[in-house]
2 protein chains.
Amino acid sequence: MVIDSKQLDLVFGALSDATRRGILADLAKGESNVTALAAPYDMSQPAISKHLRVLEGAGLIERSKTGRETRVRVKPDNAQEAAAWITHYARFWQQHFDAVDQILQQQRKLQNED
Amino acid sequence: MVIDSKQLDLVFGALSDATRRGILADLAKGESNVTALAAPYDMSQPAISKHLRVLEGAGLIERSKTGRETRVRVKPDNAQEAAAWITHYARFWQQHFDAVDQILQQQRKLQNED
DNA sequence: CGAATCAATAACCATATGGTTATATTATTA
DNA sequence: TAATAATATAACCATATGGTTATTGATTCG
């Protein structure tokens, strides 16, 4: 695993807020800027800037100035690692539950043999 | 999506702490109790109880009293939904970043070699 | 029965989080 | 040049989070 525990704290922390998940979803449609990202939310501009800072801290997005506007885009490198970890985690649960399922089926089998 | 946004806040919030991720990892090895779960951590018992409450609130684990001890186990129903969402999320990223596909294929390859 | 064990709860503390309004900074535009 | 626009920053507030110690309530053990 390339991504370390502290980074993972930040990534999951960033994803634990609906506004930030919404921003990520919007950015999936393509690069944007702060004003456009803020538009859907009934929230002040500074609040959105704070959310962007959290996403940036988690390495999920990056910002760059272009004139007076700040362009925002997802940051593939870190997001890829997060996605890989999340997928790994999902697979981990899946395997765990598959195993539980098998145990339960086994138990049902044994019970039927009584 | 069965799991709603507020539940997702709680799930990601729960996963945003290394201690809680560690507890989930330990529980993957099987059902446990509070004392056993607390053992690996340099932290008081009430602190662990708090973490367990957060995991329970996110629907990732469930607790039940057995005598004087509290048995703790992962709660398949909600955790599966979370895993499903996470997988969906991972797929979402995958669609946007070509390289993710390569990483996942690499992982699949490595797993098949087990 | 009395002591030890398991775990929850209460009260407290420091810091983080998520929001606000006001202000400042830097472009752009009229 | 003056006004407007796009953001960031500062200062503030309420609540949440993550930890502590002390205590309590059951259960189990000797």
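Letters A, B, ... are given to chains in the order of the sequence lines, protein chains preceding strands, and every chain is numbered from 1.
- Using a 4.0 Å heavy-atom cutoff across all strands shown, B:Arg63 reaches sugar-phosphate atoms only and no base atom.
- Residue A:Asn33 has a polar side-chain atom (N or O) positioned under 4.0 Å from OP1 or OP2 of D:dT7.
- A salt bridge links B:Arg73 with B:Glu31: the closest approach of a Lys/Arg side-chain nitrogen to an acidic carboxylate oxygen falls below 4.0 angstrom.
- Closest to the B:Arg68 side chain, of the nucleotides D:dT7, D:dA6, D:dT28, is D:dT28.
- Using a 4.0 Å heavy-atom distance criterion, A:Arg53 is classed as a sugar-phosphate-only contact.
- Comparing B:Glu69 and A:Val34 by the nucleotide of DNA chain D that holds the closest heavy atom to each, the one mapping nearer the 5' end is A:Val34.
- Take the nearest nucleotide of DNA chain C for B:Thr35 and for B:Lys50: the residue whose nucleotide is more 5' is B:Thr35.
- Side-chain atoms of A:Arg71 and A:Ser32 include no donor-acceptor pair closer than 3.5 Å.
- Counting heavy-atom neighbours within 6.0 Å of A:Lys65 NZ, excluding the residue itself, gives a total above 12.
- Checking A:His51, A:Lys75, A:Arg63 one by one against A:Glu56, the side chain to side chain donor-acceptor pair (under 3.5 Å) holds for a single residue, A:Arg63.
- Read 5' to 3', the first and last nucleotides of DNA chain C with an atom closer than 4.0 Å to a heavy atom of chain A are C:dG18 to C:dT28.
- For the residue pair B:Gly57 and B:Leu10, the shortest heavy atom distance occurs at O-CD1, 3.6 Å.
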* To do: Step by step, work out the side-chain contact (heavy atoms from CB on, under 4.5 Å) result for A:Asn33 and A:Val72.
  => CA-CA 5 Å; A:Asn33 62 52; A:Val72 184; 5.6 Å; no
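- Contacts between residues 36-48 of chain A and DNA chain D, defined by a heavy-atom separation under 4.0 Å, are made by A:Gln45, A:Pro46.
- Using a 4.5 Å heavy-atom threshold, the side chains of B:Leu24 and B:Leu15 count as touching.
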* Check the pair A:Arg21 / A:Ser16 against side-chain hydrogen bond (donor to acceptor under 3.5 Å, both in side chains), numbers first and verdict last. => CA-CA 8 Å; A:Arg21 289 195 302 274; A:Ser16 73; over 6 Å; no
